[in-house]
Trainee: 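Pasting in a structure now, in structure tokens, and then I'll have a few things to ask.
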Amino acid sequence: MDYHHRAIEKKWQKFWADNQTFRVSSTSEKPKYYVLDMFPYPSGAGLHVGHPLGYIASDIFARYKRLKGYNVLHPMGYDSFGLPAEQYAIQTGQHPAVTTAANIKRYREQLDNIGFSFDWSREVRTSEPSYYRWTQWIFMQLFSAWYNKLSDCAEPIDRLVAHFKKHGSEGVDAVCDEDVRSFTADEWNAFAPEEQQRELLKYRLAYLRESTVNWCAALGTVLANDEVVNGVSERGGYPVEQKKMMQWSMRITAYAERLLSGLETIDWPEPLVEMQRNWIGKSVGANVRFPVPVLGEDQAIEVFTTRVDTIYGVNALVLAPEHEWVEQLTTEEYRADVANYIVQTKKKSELDRMADARSVSGAFTGSHAVHPLTGDEVPIWIADYVLAGYGTGAVMAVPSGDQRDYLFSTHFGLPIIPISDAQQLDEQADPTKAGRYINSGIINGMTYHEAVETLIAKLSSIGAGEATVTYRMRDAVFGRQRYWGEPVPVYFKNGLPNLIDKGDLPLLLPEVDKYLPTETGEPPLGRATRWKYRDEHAYELSTMPGWAGSSWYWYRYMDAANDAAFVSKEAVDYWRDVDLYIGGSEHATGHLLYSRFWNKFLKDMGYVPEEEPFKKLINQGMIQGRSNFVYRVLDGEGRGTNRFVSYGLKHGYPTIALHVDVNIVSNDVLDLEKFRQFRPDFADAEFILEDGKYICGHEVEKMSKSKYNVVNPDDIIEQYGADTLRMYEMFLGPLEQSKPWNTNGIEGVYKFLRKFWKLFHGADGGFAVSDDQPSKAELKALHKIIKKVEDDIERFSFNTSVSSFMICVNELTDLKCNKRAILQELCAVLHPYAPHITEELWALLGNTAGTLSYATYPTFNPEYLVEDEFAYPISVNGKTRLNLTLPLNLEQADVEKAVLANEDVQRYLDGKPVRKVIYVKGRIVNVVV
RNA sequence: GCCUGGAUGGUGGAACUGGUAGACACGCAGGACUUAAAAUCCUGUUCCCGUUAAGGGAGUGCGGGUUCGAUUCCCGCUCCAGGUACCA
């Protein structure tokens, strides 16, 4: 019997499903291992061949860990709230739930075809009420919590209220809004309840406040910073403007330091860790206050600087044009200039401002501040290179140490004071910390570290400044003016938000007649008429952003059916955290940051045990499309003819390149018959061939329908089988590398599986194994692969394993090995990569069907690899190389004697004396003359 | 600009802590089996010199260095990919 992949794969996929082979229990004697994939958004286009790359890798790892005796949690689900389903709904009127369900069905079929070992009994869908009730519940926890800096952890808001009642605001150190009030306990207790609530909102981790948001008019919604790329929306590329709105926000900044320091404790790819570090953007420096007497006693402009040591080089203070004091600081004489400048900057869009980054502009306010150390007058300017949203919205300009300040000063003719004996300031600023300070009052002659220490002490003592840490990261906007998302479980009374009753969860997404904003500009939820309690309450009409449901889903898999809690204590104490997480790096500053944030919050509240959710993370590379082209010959007028010239000959003709469906091209050779059927106007196409073939050109592009380069895994599986697809996707290259899909080498993998199959089948095609004892050579081949696959999987080098399997089967073929004992163990080794064919052979060997998934990975025995002889690679002077085969157990001196006596070596030595003999691990490798 | 990766035959890629560079696969060339095709198998395949062979030389983006020995470590560049940017 030949290798019939279709029958074999269908059979075992059905067997696994019928027997729930991969159903896993949350109680086990075995050690746990949690392998997680980033769950997909079920898009209407279905899976293409690039999507399963990471899933195949994680499946190999999960199956391997099962063989190694672990209790493996390997689940899958769908991130099923999202914009595309809603856009489709707007266009067609189809309910997003309907299209989403249809897409999920398609995804499931495609996933099943590949033979994954997911425990589908734990499937989650973020858009299901049974799931999102817990997303809403977590939101309620965040609303009911505040961040206590003293304990450095989130606490229930009741504890803050208790403190206010007893001590007032005295002794509270919280991460909160800037405008919190100071009050005594008596004052607090005298506040009206609404006043108290208004104050508490400034402390809550989920809070409401007017903030500048990225408003995308085309999408009718607010976007997070990471959803805006170069001033346009990441999805769709629509323009984005800044708009003030009342918005739900998440106080992620409370966790900035823990999000940063936690990076040290996890095993993630360095580029990803770096991206999160940059995103958090910690700067250590100082706040310094420059008194402004014109505004009155004790009034001072506060600036943030990372280079307090340059303070004696200050020649101006520069404020952001939006700074709240600009109006008061501007004198009559300069009022027109300043007003004019502010108008100009407002006109510039985000995009212009970025494109214009290098040009210098600004305006003088006419006022002066006082240098806190020298008492000198310092002019106050405004300029758009200073950002209102970072630091204090004001900087001290030090032209000698900062290039932007240098350009600003040269442009406006402000003095440039050198502050270090190492500075060369003729052409540009010198931001280095070398040399000793000059012109610098109390720090003259000091080095950088001494200076910083001295200055911080001095500024603190006179009340003019202190050391500070600033983060670039902003709080995350949490509301979306959209339909297809989790409703925020909040209603409003007298303009204040209240949580809905816990018993009313889930707050179901109501039906609406249209998925567009209302005529009055309210979000789509404003259209809902028969919404529970609609008549009693003014509901929050925005929904949660896409990242809400994905920020905790790995916990739901641990206990997916629980309707008493998002996860039970027992389940979470058993599974704890994700041991291996595989997914794309595009989620670096979105999903992966928010998930860490929610995880830390849930830990603070005592719901989960681990500080970090994903211990090890691997980024799989993107699979790009590989487009093929045909070259249509043009006639004298430049019009396309029906003649097509092969790639190698196209330079002899005027041509135009056309995309051709990659599915009718094999190894860049065009299938001429299929091409004639590809489009009606190609029916009578003529070809100019090279060597009797039409060779297509190729290019790497994004995989997309319009480029005819989409490859559906189902087609590959139909032709070659799932085992071939799995192994070929791994064979394509290192997992983490991005690479174009091409089918050029898939035959090699397919051939390997057929060869493996044939090895244990007789000439008549029947299964045939020998019960004889395996030979030494056969055991050597087997144990080599046992060791190799073990090493490869542990370091995620799946591509080299596939090569090693091929070597192994080639060796066994040469030995004509069909030993039962060899096949038995080989099945287990190969099983993670090619589960179907190995299950079949395993059953043919007489094992109970389906037991292979939980068999034992064979133990490597190094004795089988011990050699009697060793081919000594000998270099003379590190150059000429010779191979010398000698028995292995010779004494070192005997080896040396034998090597030197060898006539080839003698020839290279040419009578010269040996100066040195180099040994590596007791083996001679080099003779130096 | 800054940060992080990367560069190896015609192609995808291997070489794990410095020790025979190019494993394995594709492609290509030649051959066997076959009426023929498919399938399968065998041989060759980094480049240059050498008619063949024996043999020799060069070679892992470029230029240096350390070392008996460097794809691997160090210094300086070039190019490519990803991220990020008036962040004080």
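Numbers restart at 1 for each chain; the letters A, B, ... are given by sequence-line order, proteins then strands. No hydrogens, no waters, no symmetry mates; every other heavy atom, side chains included, goes into these values.
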Trainee: Please give the distance between the P atoms of B/C49 and B/G64 as a whole number of Å.
Mentor: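 25 Å, rounded to whole Å.
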Trainee: For the side chain of A/Arg754, counting heavy atoms from C-beta on, which of B/C24, B/G13, B/A39 is nearest?
Mentor: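 Minimum distance to the A/Arg754 side chain belongs to B/A39.
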Trainee: Write out a two-atom table: protein N or O, nucleotide N or O from nucleotides 2-10 of chain B, distance below 3.5 Å.
Mentor:
unit_1, atom_1, unit_2, atom_2, d
B/C3, O2', A/Glu274, OE2, 3.3

Trainee: Under a 3.5 Å cut-off for both contacts, is B/C47 paired Watson-Crick or G-U wobble with anything, and if yes, with which nucleotide?
Mentor: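 The base-pairing partner of B/C47, which may sit in any strand shown, is B/G57.
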Trainee: Could you tell me whether the side chains of A/Thr743 and A/Tyr720 share a donor-acceptor contact shorter than 3.5 Å?
Mentor: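 No - no donor-acceptor pair under 3.5 Å links their side chains.
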Trainee: Mind checking the C1' distance from B/G5 to B/G10? Whole angstroms is fine.
Mentor: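 It works out to 27 Å between them.
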Trainee: List the steps and the verdict of side chain to side chain contact (heavy atoms under 4.5 Å, CB included) for A/Ile380 and A/Trp325.
Mentor: CA-CA 11 Å; A/Ile380 302 168; A/Trp325 287 2; over 6 Å; no
Trainee: Would you measure the distance from the P atom in B/G83 across to the matching atom in B/U46 and give it in whole Å?
Mentor: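 Taking atom P in both B/G83 and B/U46, they lie 38 Å apart.
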Trainee: I'd like the P distance from B/G27 over to B/C79, given in whole Å.
Mentor: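 After rounding to an integer number of Å, I get 36 Å for this pair.
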Trainee: Strictly by Watson-Crick or wobble contacts shorter than 3.5 Å, is anything paired with B/G9, and which nucleotide is it?
Mentor: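 Across all strands, not a single nucleotide pairs with B/G9.
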Trainee: Give none if B/A81 has no partner; otherwise give the nucleotide forming a Watson-Crick or G-U wobble pair with it, both distances under 3.5 Å.
Mentor: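 Checking every strand shown, B/A81 finds its partner in B/U4, with both distances under 3.5 Å.
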Trainee: With rounding to whole Å, what would you report as the distance between B/U78 and B/G63 at their P atoms?
Mentor: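 Nearest-Å result for B/U78 against B/G63 at atom P: 15 Å.
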Trainee: Could A/Arg277 and A/Glu270 be called an ion pair, given the rule that one side-chain N must be under 4.0 Å from one carboxylate O?
Mentor: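 Yes, this pair counts.
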Trainee: Under 3.5 Å, which N/O atoms of the protein pair with N/O atoms of nucleotides 36-38 of chain B?
Mentor:
none

Trainee: Holding to ring-ring contact (aromatic ring centres under 6.0 Å, His included), I want the full list of residues that pass it with A/Phe290, two or more places apart in sequence or in another chain.
Mentor: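 Expected list: A/His371.
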Trainee: Syn or anti for B/G55, please, going by whether the chi angle lies within 90° of 0.
Mentor: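 You should classify B/G55 as anti.
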Trainee: Expressed as a whole number of Å, how far does the P atom of B/A23 sit from that of B/U43?
Mentor: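 B/A23 and B/U43 have their P atoms separated by 15 Å.
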Trainee: If you check every side-chain atom of A/Ile807, which of B/A88, B/A14, B/A23 has the closest atom?
Mentor: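 Among B/A88, B/A14, B/A23, the one nearest the side chain of A/Ile807 is B/A23.
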Trainee: Would A/Arg404 count as a cation-pi partner of A/Phe408, with NZ or CZ less than 6.0 Å from the six-membered ring centre and within 45° of the ring normal?
Mentor: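 No - A/Arg404 does not lie over the ring of A/Phe408 by the 6.0 Å and 45° rule.
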Trainee: Across all strands, who's sitting opposite B/C87 as a Watson-Crick or G-U wobble pair, both distances under 3.5 Å?
Mentor: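 Pairing partner: none.
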Trainee: Could you tell me whether a side-chain N or O of A/Gln276 sits under 3.5 Å from a main-chain N or O of A/Ala588, the two making a donor and an acceptor?
Mentor: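 It does hold such a pair.
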Trainee: Between A/Thr468 and A/Phe304, is there a side-chain heavy-atom distance shorter than 4.5 Å?
Mentor: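 Yes. Closest side-chain heavy atoms under 4.5 Å.
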Trainee: When you measure from the side chain of A/Pro734, which nucleotide among B/A88, B/G83, B/G13 comes out closest?
Mentor: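 Of the options given, the side chain of A/Pro734 lies nearest B/G13.
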Trainee: Strictly by Watson-Crick or wobble contacts shorter than 3.5 Å, is anything paired with B/A15, and which nucleotide is it?
Mentor: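 For B/A15, the partner nucleotide comes out as none, under the 3.5 Å rule.
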Trainee: Scan nucleotides 26-30 of chain B against the protein and return all N/O pairs shorter than 3.5 Å with their distances rounded to 0.1 Å.
Mentor:
unit_1, atom_1, unit_2, atom_2, d
B/C26, OP1, A/Lys751, NZ, 3.1
B/C26, O2', A/Asn744, O, 2.9
B/G27, OP1, A/Asn667, ND2, 3.1
B/C28, OP1, A/Lys693, NZ, 3.4

Trainee: Under a 3.5 Å limit for both distances, which nucleotide forms a Watson-Crick or G-U wobble pair with B/C62, could you say?
Mentor: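 Matched B/C62 with B/G76 under the 3.5 Å cut-off.
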Trainee: Using the P atoms only, state how far B/A15 lies from B/C73, rounded to an integer number of Å.
Mentor: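 It works out to 14 Å between them.
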Trainee: For residues A/Asn619 and A/Leu617, report the shortest heavy-atom separation together with the two atoms involved.
Mentor: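 Shortest heavy-atom contact: ND2-CD2, 3.7 Å.
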Trainee: When we call it a touch if two heavy atoms are under 4.0 Å apart, what does A/Asp791 touch: a base, just sugar-phosphate, or nothing?
Mentor: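 No contact.
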Trainee: If you check the A/Arg795 side chain, which of B/C24, B/A14, B/A15 turns out closest?
Mentor: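 The answer is B/A15.
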Trainee: In chain order, what residues pass the ring-ring contact (aromatic ring centres under 6.0 Å, His included) check against A/Phe752, with sequence neighbours excluded?
Mentor: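 Listed in chain order: nothing, the list is empty.
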Trainee: B/C41 pairs with which nucleotide, Watson-Crick or G-U wobble, both distances below 3.5 Å?
Mentor: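 Answer to the pairing question: B/G31, which forms a Watson-Crick or G-U pair with B/C41.
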Trainee: Tell me every residue that passes salt bridge (charged side-chain N to carboxylate O under 4.0 Å, His left out) with A/Glu302, counting only those two or more places apart in sequence or in another chain.
Mentor: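 Only A/Arg289 meet the salt bridge (charged side-chain N to carboxylate O under 4.0 Å, His left out) criterion with A/Glu302.
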